Amino acid sequence: MTETDLAEGFRYLPGYLGPEAQAALVAELRALLAEAPLYRPTMPKSGRPFSVRMTNAGSHGWLSDRQGYRYAPRHPQTGRPWPAIPAVMERIWAEVADYPAGPECCLINFYAPEARMGLHRDQDEETFEAPVVSLSLGDSAVFRLGGPTRHGPTRSLKLHSGDVMILSGPARLAYHGIDRVLGGSSRLLPDGGRINLTLRRVTRPAGE
Ligand code: MD3
Ligand code: FE
């Protein structure tokens with residue numbers, strides 16, 4: 001596989017969200033996390049805990065537990081519906097997604113400095129026609145992007161606070177993960193760590 005194959009459908013927009021908008025979003029996320037607390041998902045079957053803690057906003061929240069991966073309308077611990085997707089995330093989707101329907105899931109991942117995310121694909125959605133759009137906040141991280149198979153070539157990219165990535169077309173089903181977080185690299189979050197917000201369309205819109 002060539003570099004262009006790896007890159008097809010992958011857009012990287014460094015510094016897309018400026019420092020003031022980042023700080024405003026962090027303030028909004030504090031209130032959101034009070035309503036929908038971060039929890040630690042577990043791996044299907046093994047029940048091994050993730051190192052990343054998660055919560056969601058939107059109509060469809062992505063969950064992992066012993067039963068498997070799925071989307072659900074309510075927080076698994078509080079039983080309450082997920083909060084609304086922050087307006088700035090809806091705005092980013094409208095600006096970059098080039099897709100006729102809105103996002104249904106805003107997965108919020110919190111990485112303490114030791115947390116990682118192993119190589120995987122996002123494939124629990126009904127449609128892959130819509131892109132995945134992600135925003136990084138806080139500490140920088142080493143992101144790994146591969147291709148359509150688990151054992152093919154990969155490249156690595158440092159993600160910084162405010163960076164946006166768009167994965168569409170062939171890249172939508174690419175393997176990817178977070179190798180490590182660079183603790184102390186940002187002062188956006190007073191207690192450190194990294195937040196990633198990932199927007200996904202889950203259901204096929206009418207007409208697709
Ligand atoms: C590349 N999150 O939640 S976001 C995930 O930084 C996830 O927390 C990582 O992978 C994080 O599933 C990476 C960027 C991302 C999201 C989806 C992708 C990259 C992707 C789908 C295909 C290829
Ligand atoms: Fe992913």
Side-chain angles (χ1 to χ4, degrees), residues 1 5-14 16-17 22 29 38-41 43-44 50-58 60-64 68-71 82 85 89 92-93 96-97 99 103-125 127-150 152-183 185-186 188-189 193-202:
M1 173 162 308
D5 286 333
L6 280 179
E8 198 186 337
F10 172 61
R11 284 176 70 202
Y12 173 52
L13 306 176
Y16 190 86
L17 200 66
Q22 291 175 41
L29 289 175
L38 290 166
Y39 64 94
R40 197 178 293 282
M43 290 295 292
F50 282 38
S51 61
V52 178
R53 291 189 299 150
M54 297 182 174
T55 190
N56 291 272
H60 292 64
W62 186 85
L63 297 182
S64 178
Y69 303 139
R70 67 188 171 284
Y71 283 95
W82 305 106
I85 296 177
M89 298 305 297
I92 292 173
W93 178 274
V96 305
Y99 188 73
E104 294 173 310
C105 174
C106 179
L107 174 63
I108 300 165
N109 293 327
F110 177 76
Y111 295 76
E114 324 73 47
R116 288 148 213 277
M117 188 175 288
L119 214 58
H120 69 279
R121 300 204 284 182
D122 293 13
Q123 53 184 349
D124 301 318
E125 300 72 35
T127 176
F128 304 124
E129 298 290 315
V132 170
V133 175
S134 103
L135 170 71
S136 294
L137 291 175
D139 284 341
S140 302
V142 180
F143 172 70
R144 183 172 296 278
L145 180 63
T149 62
R150 178 175 287 283
T154 63
R155 66 185 169 148
S156 112
L157 186 71
K158 215 175 269 183
L159 298 177
H160 305 288
S161 197
D163 293 357
V164 164
M165 290 194 294
I166 305 135
L167 296 305
S168 59
R172 173 63 182 78
L173 286 169
Y175 277 86
H176 60 278
I178 295 290
D179 290 348
R180 68 190 192 97
V181 172
L182 307 173
S185 53
S186 159
L188 182 69
L189 306 174
R194 171 175 186 265
I195 296 174
N196 182 269
L197 297 103
T198 296
L199 297 171
R200 304 184 186 129
R201 180 77 197 182
V202 180

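We use all heavy atoms of the structure for the numbers below, so side chains are in, but hydrogens, waters and symmetry mates are not. What you see is a predicted model, and the numbers here were worked out from it, not measured in a lab. Just so you know, ligand 1 is whichever comes first in the structure, and atom 1 is the first atom listed for that ligand.
- Atoms of ligand 1 lying under 4.0 Å from any heavy atom of His120, numbered from 1 in the order shown and given with element: 5 (C), 7 (C), 10 (O), 12 (O).
- Of all atoms in ligand 1, listed by their number and element, those nearer than 4.0 Å to a heavy atom of Met165 are 14 (C).
- Few gaps surround CZ on Arg121; more than 12 heavy atoms of other groups in view lie less than 6.0 Å from it.
- Looking only at heavy atoms of the protein, atom 4 (S) of ligand 1 is closest to Asn196 OD1, 3.4 Å.
- Tyr175 does not count as a contact of ligand 1, since none of its heavy atoms falls under 4.0 Å from the ligand.
- Using a non-hydrogen distance threshold of 4.0 Å, Tyr111 registers as a contact of ligand 1.
- Between the side chain of Ser161 and the backbone N or O of Gly138, at least one donor-acceptor pair lies under 3.5 Å.
- The Fe ion (ligand 2) is the vertex of the angle joining NE2 of His176 and NE2 of His120, which measures 90° to the nearest 10°.
- Between Arg200 and ligand 1 there is a heavy-atom distance shorter than 4.0 Å.
- Side-chain contact of Glu125 with Tyr71: a donor-acceptor pair under 3.5 Å is present, judged by distance alone.
- The nearest pair of heavy atoms linking Trp82 to Asn56 is CE3-O, 3.2 Å.
- In this structure, Leu17 and Val164 have side chains that are not in contact, with every pair of non-hydrogen atoms separated by 4.5 Å or more.
- Restricting Asp122 to its N/O/S atoms, the shortest distance to the Fe ion (ligand 2) is reached by OD1.
- If you check which protein heavy atom lies closest to atom 16 (C) of ligand 1, you get Val132 CG1, 3.6 Å.
- Of all heavy-atom pairs spanning Tyr175 and Arg150, the tightest one is CE1-N, 3.4 Å.
- The closest approach between any non-hydrogen atom of Arg121 and ligand 1 is not below 4.0 Å.
- Numbered from 1 in the order shown, with element, the atoms of ligand 1 that lie under 4.0 Å from a heavy atom of Ala174 read 22 (C), 23 (C).
- Close contacts of ligand 1 with Arg194, meaning ligand atoms under 4.0 Å from a residue heavy atom, involve 6 (O), 8 (O), 11 (C).
- Geometrically, ligand 1 and Ser134 share no nitrogen or oxygen pair separated by less than 3.5 Å.
- Here the shortest heavy-atom pairing between Ser186 and Asp139 reads N-OD1, 3.0 Å.
- Close approach to Ala171 involves these atoms of ligand 1, each under 4.0 Å from a residue heavy atom: 22 (C), 23 (C).
- By the 6.0 Å and 45° rule, Arg194 stacks over the aromatic ring of Tyr111.
- Side-chain contact between Leu157 and Arg155 is absent, with no heavy atoms from C-beta onward closer than 4.5 Å.
- For ligand 1, one of its N or O atoms has an N or O atom of Asp122 under 3.5 Å away.
- Nearest non-hydrogen protein atom to atom 1 (C) of ligand 1 is Leu167 CG, 3.2 Å.
- Going from atom CD of Gln22 over to atom OH of Tyr16 covers 13.0 Å, rounded to the nearest 0.5 Å.
- Protein heavy atom closest to atom 3 (O) of ligand 1, with residue, atom name and distance, is Asn109 ND2, 2.9 Å.
- Atom 13 (C) of ligand 1 has Phe143 CE1, 4.0 Å as its closest protein atom, hydrogens excluded (heavy atom only).
- If you look at Leu107 next to ligand 1, the close heavy atoms, those under 4.0 Å, all belong to the side chain.
- Interface of Met117 with ligand 1, defined as ligand atoms under 4.0 Å from a residue heavy atom, comprises 2 (N), 5 (C), 7 (C), 10 (O).
- Arg40 places a side-chain N or O within donor-acceptor distance of the main-chain N or O of Phe50, the cut-off being under 3.5 Å.
- For the pair Ile85 and Glu104, the tightest heavy-atom approach, listed with the atom from each and the gap, is CD1-C, 4.2 Å.
- Using a 4.5 Å heavy-atom threshold, the side chains of Leu197 and Leu29 count as touching.
- Of the protein's non-hydrogen atoms, His176 CE1, 3.2 Å is the one closest to atom 21 (C) of ligand 1.
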